[in-house]
Amino acid sequence: MSTAALPALHPLLKDFLSRKTHKLLIDGAPADAASGQTFATLNPADGSLLGTVAEGGAADVDRAVAAARKALTGPWSELSPAQRERVLHKAADLLEARAEAFAQLEVLDNGKPIREAKNGDLPLAVGLLRYFAGWPTKIHGETTPVSVPYFPGAKFLHYTVREPVGVVGAIIPWNFPLLMAVERLAPALACGNAVVLKPAEQTPLSALWLGELLLEAGVPPGVVNVVPGFGPTAGAAIAGHMGVDKVTFTGSTEVGREVVKASAGNMKRVTMELGGKSPNIVFADADLEAAAKGIFMGIFYNQGQCCSAGSRVFIERPAYEKMLAALAERAKSVRQGDPMDPKTHMGPLVSAEQRNRVLSYIEKGKKEGAKLLSGGAPAEGPGYFVQPTVFGDVRDEMAIAREEIFGPVVAVMPFDTLDEAVARANSTDYGLVSAVWTKDVKKAHQMAQKIKAGTVWINCYHFVDAAAPWGGVKQSGYGREKGHWAIENYTAVKSVWVDLN
Ligand code: NAI
Ligand code: MG
C-alpha cells in the first residue's frame with residue numbers, strides 16, 4: 001500500500017491533532033476527566049496512535065449534565081426562534097467551510113474512504129444542520145376546540161405549546177461519527193434543548209471538534225457537552241442519569257436493551273436506532289445492471305458497517321446465477337487500500353475487535369456450508385482490513401443469514417415466488433430497512449406494503465435525507481430521527497386551558 005502522493009493533511013486538522021490530549025468539552029471549556037484517565041484512539045488503516053483522549057466517567061457525566069441543566073435556563077432559553085436559526089445556519093456554514101478537514105479526520109479515526117467521507121458524511125451533516133436550522137421558527141402549538149361533558153356550555157380557550165424536553169443524552173456509534181453526532185445535535189438544538197453527547201470510544205475526535213465549532217457558531221457554553229468514554233462507564237452514566245430527560249441511542253440491540261432498562265429510573269424518553277439484517281430483494285424483471293450496483297453498494301458501503309447494510313440478498317431464481325457471478329466479479333475488483341487515497345473504494349474496519357468479529361462470521365459461513373465466491377480473508381497489511389466477501393447458496397438458518405455481521409459480508413439466496421420472498425425477508429428479529437428491485441409497479445408497491453421495515457427503497461439503496469424519517473420496527477428500535485418526526489421527539493407538548501366562563 002503506497003502512501004505516495006496522498007493529499008496533505010488540512011492545516012486546521014494538523015493543528016487539532018497536535019494537541020497532547022483531547023479534553024472533554026464541559027460547560028463550554030476543555031476539561032480533564034475527574035479520574036485523570038485517558039485512552040488512545042487509533043488509525044485503523046495502520047493501527048497507529050492518532051490521539052490521546054480524556055476518558056469521561058460517571059463524575060464527568062454528572063458535571064456535564066449539571067452544565068446542561070444550567071444552560072437550559074440561561075442565555076440559550078432567551079434566544080428567539082429566529083436567533084436559534086441563525087446559530088444553526090452559522091454552524092452549517094462553518095462545517096461546510098471546514099468540510100475537507102473534518103472529512104480527513106473521519107478517515108483517520110474511522111478508516112472510511114475519503115471519497116465517502118467527502119461525498120457522503122460531510123454534505124449530509126451540513127444538510128442536516130441547514131434543514132434543522134429552518135425549524136425553530138416553525139415549531140408551534142395548536143388551538144383546540146374542547147368540550148367538557150360534565151360542564152355543558154362551558155367555554156374555554158385551549159392551546160398547546162411545544163417545549164424543549166430538556167437535557168438530551170446522545171449515545172452514538174463509530175460507523176458515522178460526525179454524521180451521527182449532527183443527526184442528534186441539529187434537531188435537539190433546533191428545539192431548544194441542551195445535550196450531553198457521548199461519542200463511541202473508537203471514534204471520539206470529530207464530535208469534540210464539532211463541539212468547539214458549535215461554540216464558535218454561537219451556541220452558548222453548557223448547551224453542548226461532549227464526554228468521550230466507554231459504554232459501561234460514561235454511556236451507562238448517561239442512560240441512568242436522573243438529570244437526563246431523553247436518551248437517543250444508536251448501536252447494538254444488545255446494548256439498546258440495557259439503555260432502555262436504565263431509562264426507567266426517571267422515565268426518560270428513549271429513541272432507539274439499533275441493528276439490522278436488511279433484505280435486498282431482486283426480481284428477475286428488474287434492471288439487473290442497476291440492481292447489481294445497488295446490491296454491491298448496499299452491502300459494501302462504509303465497509304459494510306452500516307445499520308442499514310443490505311446483508312441478505314434474495315434473487316429470483318431465473319436471475320440468480322448471473323447476478324451472483326456479477327456480484328462476485330465486482331467484489332474482486334474493489335480497490336482496497338489507504339482510505340486517504342481518493343482512488344480507494346474500501347478502507348479498513350474500525351478496529352481489530354470489529355475485524356475479528358467479522359472474520360469469525362466468515363469462518364461460520366464456511367463451516368455451515370455456504371459457497372464462498374469472493375473474499376473470505378483479511379487483506380494484507382497492518383490495518384484492520386477484511387476483503388469484500390460474497391457467500392452464495394446461503395440458507396436462512398445459517399448464522400450469516402440471521403445475525404448482524406456489520407462488515408463487508410453478504411449472504412445471497414435464491415427465491416421462487418413473491419410470497420416466499422416476503423416471508424423470508426420478514427423472518428428476522430430486525431426491521432430497519434429493505435429494498436425491492438423490479439420494473440413492475442404493482443409488485444413494487446405490494447412488496448412495500450408487505451415488508452416489515454422502517455424504510456423500503458424501490459429500485460435504489462442507501463438514500464437518506466434530513467427531511468425523511470429514519471428508524472426501525474421490531475428489534476431495530478423505535479422512534480424516528482430526522483424530518484418533522486425528530487421535532488416531535490425532541491419536544492414535549494404542553495396543554496393550556498383558559499377559563500372563559
Ligand atoms: P455498542 O452498541 O456496544 O456501542 C454503541 C455505543 O453505545 C457506543 O457509544 C458505546 O460506548 C455505547 N455503549 C456500550 N455499552 C453501553 C452501555 N452499557 N450503556 C450505555 N452505552 C453503552 O456497539 P459496538 O460494541 O461498538 O459494536 C457491536 C455491534 O453492534 C456491531 O458489530 C454491530 O452489529 C452493532 N452496531 C450497530 C450500529 C448501528 O448503527 N445500528 C452501530 C454500531 C454497532
Ligand atoms: Mg460494545
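Quick note: residue numbers are just sequence positions, from 1. Note that ligands are numbered from 1 as they come in the structure, with each ligand's atoms numbered from 1 the same way.
Of the heavy atoms in Glu254, none comes closer than 4.0 Å to ligand 1. Both the backbone and the side chain of Ser252 come within 4.0 Å of ligand 1, counting heavy atoms alone. If you look at Ile238 next to ligand 1, there are no close heavy atoms at all, none under 4.0 Å. When heavy-atom distances to ligand 1 are checked against a 4.0 Å cut-off, Gln354 comes that close only through its side chain, counted from C-beta outward.
Inspection of the Tyr430 and Glu403 side chains reveals no N or O donor paired with an N or O acceptor under 3.5 Å. Using modelled atom types and a 3.5 Å distance limit, the side chains of His241 and Asp62 yield a donor-acceptor pair.
The N/O atoms of Leu274, backbone and side chain alike, include one that comes under 3.5 Å of an N/O atom in ligand 1. Distances between N or O atoms of Ile172 and those of ligand 1 include at least one value under 3.5 Å. Between Glu258 and ligand 1, no pair of N/O atoms sits closer than 3.5 Å.
Between Trp209 and Phe16, the ring planes lie parallel to each other; the angle is under 30°, not in the 30° to 60° tilted range.
Residue-ligand proximity, Gly235 to ligand 1, at heavy-atom distances under 4.0 Å covers atoms 19 (N), 20 (C), 21 (N). The ligand atoms of ligand 1 that sit less than 4.0 angstrom from a heavy atom of Gln202 are 26 (O). The distance from ligand 1 to the heavy atoms of Trp174 drops below 4.0 Å at these ligand atoms: 24 (P), 26 (O). Residue Thr250 approaches ligand 1 through these ligand atoms, each under 4.0 Å from one of its heavy atoms: 5 (C), 39 (C), 40 (O). Short contacts between ligand 1 and Pro173, defined as distances under 4.0 Å to a heavy atom of the residue, involve ligand atoms 42 (C), 43 (C).
Remark: Lys364 qualifies as a cation-pi partner of Tyr361 under the 6.0 Å distance and 45° angle criteria applied to the six-membered ring.
A salt bridge is defined here as a Lys NZ or Arg NE, NH1 or NH2 lying under 4.0 Å from an Asp or Glu carboxylate O, and Arg98 with Glu216 meets this definition. Salt bridge annotation for Lys70-Asp27: present, with a cationic side-chain nitrogen under 4.0 angstrom from a carboxylate oxygen. In this structure, Lys474 does not pair ionically with Asp429, as no charged nitrogen and carboxylate oxygen lie closer than 4.0 Å.
Close to ligand 1: Ala236, with a non-hydrogen atom less than 4.0 angstrom away. For Phe176, the heavy-atom gap to ligand 1 stays at 4.0 angstrom or more.
Using a 4.5 Å heavy-atom threshold, the side chains of Leu108 and Leu13 count as touching.
Side-chain atoms of Asp338 never come within 3.5 Å of backbone atoms of Ala45 as a donor-acceptor pair (strictly under, hydrogens ignored).
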